[in-house]
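As the structure is a prediction and not an experimental result, all values here were calculated from the model. Values reported hereafter were calculated over all heavy atoms of this structure, with side chains retained and with hydrogens, waters and symmetry mates removed.
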Amino acid sequence: MQFSWWYLFVSIPVIWSLWIGFRVFRGINKPSDFFWYPEGMSSEKLRDSLTASNISVGSAIFAFLSFGYSYKLAAFISPLTWLLGFFILYKVFPRIENSEKRTLHGFLANRYDSRFIGYFASLLSIIGFLGTYGIEILVGIKIANVLFPNVSSIYIILGLSLVVCTYTALGGFKAVIDTEKMQLWFSYVGIAAVFGFLISHNENVLSLETLASDHWGFSNLSVLFVLSLIVVNVPWQLIDMSVWQRVCSMRDQKDIKKGLSQSIYSIGISWCVLISLGVLLNYFPDFTAPSNNDYGSLLLSYLQEPWAFALFAAGCFAALVSTADTLLIASIQTFVFDILYPSHSLKTIEDTNAPEKMKGLLRYGRKMVYLFGLISPLFIYLVSIVIPGVLDLFFLVYSAQIILLIPICVAIFRKDCVRMRKYAIFSLSAGFLASVCMMVWMLFHPVEYVYLSAPLVSILVSAIPWFFIKKGEGYDTGVNKR
């Protein structure tokens, strides 16, 4: 590809993120500064951070281009089911106990009075989040290969990972949140650049009559695909530990509700725009579906003007790091506070330890950022040699985390969860075993119906133990005030 000064624009999200990390670094003095937002987040920051982290390059931009192109108007079922999950979170949030440890897994451990459940849930979330983080970095290879076709994939993985790890290790959760707005706007500019290029180079190609005369795409959807989308999208907000991390960093309940409600609109509009772009690609000449479903890389190659290519590539990189840093910092927080210090609140840890020990914990957290942030993408890269499809990997990773759903719902709605402890343990164990079996099956039989059915199988198997609950064990119809 011939060099253009426009391509330097791609580096701006990277440089900006690193600068914010260095700027925030000076104000990080204790673990609470690193793992939560020190002065408390506003509703606007919650909205921007949730929107930015939900416009990922792999599971949003590239996926929705594929969905829109393949399923047309029927593809809008994906944002509708995802937003339904946000609406459910908005409604049930007043029932969620304010745990001193301020983590999803601390909430479960308290409600069931079981440290084992807290450990188990933490490991499942870490596996799911680091797996998704690795997939996001893997998708970045596809973008970078268009810019640097002769650079090894390993070097690209290490380069992208080091960028995310560096500013996350420097500024912690505050750096992650403070970079989100910039990354979000770069994503918007990149998407707008694609629309601008397509319209300016394909005049009079698209008409409402052409769109109306074509099928809506519902005939292309399989029942299994729709069920898998529902199972993954609707409950995800309840089992997403990064959402809990953001909510627990808010200033007050009013800001939480306002931020969540605003997020529903901003995420919904953003996702619908991406799907619309995928739908419109059907009506432009010389654009044909790639055999490997890599719509993002094909679209980058299709953008012949340097300005359009550079803006879209910059938007993709911004979307990548905005999701990757969220997944990484949430994983480190879970490891430190739910596995290393499961029986202590953050206040207890900071009040009962000397300043030098607090600095040691900060150094340890930063080292774990690099350890997790470099190893997981390399592991996913090795797995992708056997399972090359990005969506295949996403569904398999989600199948291991979706089994948290029923124990979380029981913890929210049941009055006495201690008596539910054994059912929760059997549920998590059975669901995890089912997800491992589906992963092994996918390795030896990599076909579509296997990865699509993985979340369904995991959640159904995890539900079996709950059918043996005895009657009269109580149901709480009011706000849980434990």
Practice task
For residues Lys258 and Glu44, determine if any side-chain heavy atom of one lies less than 4.5 Å from a side-chain heavy atom of the other.
Solution key: yes
Problem - Minimal non-hydrogen separation, Cys165 against Leu328, with atom names - result: SG-CD2, 4.0 Å
Exercise for the section: Of all the heavy-atom pairs spanning Pro79 and Ile275, show the shortest one and how long it is. Expected result: CD-CD1, 3.3 Å
Handout entry: Main-chain N/O of Phe426 paired with Ser429 side-chain donor or acceptor, under 3.5 Å
Key = no
Practice task
Report yes if the side chains of His105 and Phe120 come closer than 4.5 Å at any heavy-atom pair, otherwise no.
Solution key: no
Handout entry: Over 12 non-hydrogen atoms of neighbours within 6.0 angstrom of OH in Tyr265
Key = no
Handout entry: Aromatic contact, Phe335 with Phe372 (centres under 6.0 Å)
Key = yes
Practice task
Please confirm whether the backbone N or O of Trp236 pairs with a side-chain atom of Asp240, one donor and one acceptor, at under 3.5 Å?
Solution key: no
Handout entry: Parallel, tilted or perpendicular, as decided by the 30° and 60° cut-offs, for the rings of Tyr71 and Phe67
Key = tilted
Exercise for the section: Would you check if Phe87 and Leu83 make a side-chain contact, meaning some heavy-atom pair closer than 4.5 Å? Expected result: no
Problem - Distance flag, aromatic centroids of Phe76 and Trp271, threshold under 6.0 Å - result: no
Handout entry: Min side-chain heavy-atom separation Ile332-Thr168 under 4.5 Å
Key = no
Handout entry: Where Ser125 and Leu404 come nearest, the two heavy atoms and their spacing
Key = OG-CD1, 3.4 Å
Handout entry: Salt bridge present between Arg47 and Glu180 (N-O < 4.0 angstrom)
Key = no
Problem - pair Phe62-Val139: side-chain heavy atoms closer than 4.5 Å - result: yes
Exercise for the section: Any chance you could lay out the side-chain hydrogen bond (donor to acceptor under 3.5 Å, both in side chains) test for Asn233 and Tyr398, step after step, and finish with the verdict? Expected result: CA-CA 10 Å; Asn233 285 354; Tyr398 288 161; over 6 Å; no
Handout entry: Main-chain N/O of Ser53 paired to Thr323 side chain as donor or acceptor, under 3.5 Å
Key = yes
Problem - Close aromatic pair by centroid cut-off 6.0 Å: Tyr423 and Phe468 - result: no
Problem - Check: Ala411 main-chain N/O paired with Arg111 side-chain donor or acceptor under 3.5 Å - result: yes
Handout entry: Flag, side chain of Tyr188 to backbone of Gln183, donor-acceptor distance under 3.5 Å
Key = no
Exercise for the section: Determine the interplanar angle of the Phe186 and Trp16 rings, folded into 0 to 90°, and report it as parallel if under 30°, tilted if 30 to 60°, perpendicular if over 60°. Expected result: perpendicular
Problem - Residues Tyr167, Asp325; criterion side-chain hydrogen bond (donor to acceptor under 3.5 Å, both in side chains); working and verdict - result: CA-CA 9 Å; Tyr167 75 80; Asp325 58 16; 2.6 Å; yes
Problem - ring-ring contact (aromatic ring centres under 6.0 Å, His included) partner of Phe337, the single match among Trp244, Trp36, Phe107 - result: Trp36
Handout entry: Ser458 (side chain) donor-acceptor with Ser399 (main chain) under 3.5 angstrom
Key = yes
Problem - Side-chain (Glu136) to main-chain (Val57) donor-acceptor, under 3.5 angstrom - result: yes
Exercise for the section: Answer yes or no: is there a side-chain heavy-atom contact under 4.5 Å between Tyr133 and Ser161? Expected result: yes
Handout entry: Gln245 (side chain) donor-acceptor with Phe35 (main chain) under 3.5 angstrom
Key = yes
Practice task
Examine distances only and state if a side-chain atom of Ser78 and a backbone atom of Ala75 form a donor-acceptor pair shorter than 3.5 Å.
Solution key: no
Problem - Criterion side-chain contact (heavy atoms from CB on, under 4.5 Å) against Met241, the qualifying member of Leu124, Leu327, Thr334, Thr103 - result: Thr334
Practice task
Look only at the side chain of Thr179 and the backbone of Val176, and say whether a donor-acceptor pair between them is shorter than 3.5 Å.
Solution key: yes
Problem - Phe312/Trp307 aromatic ring centres below 6.0 Å - result: no
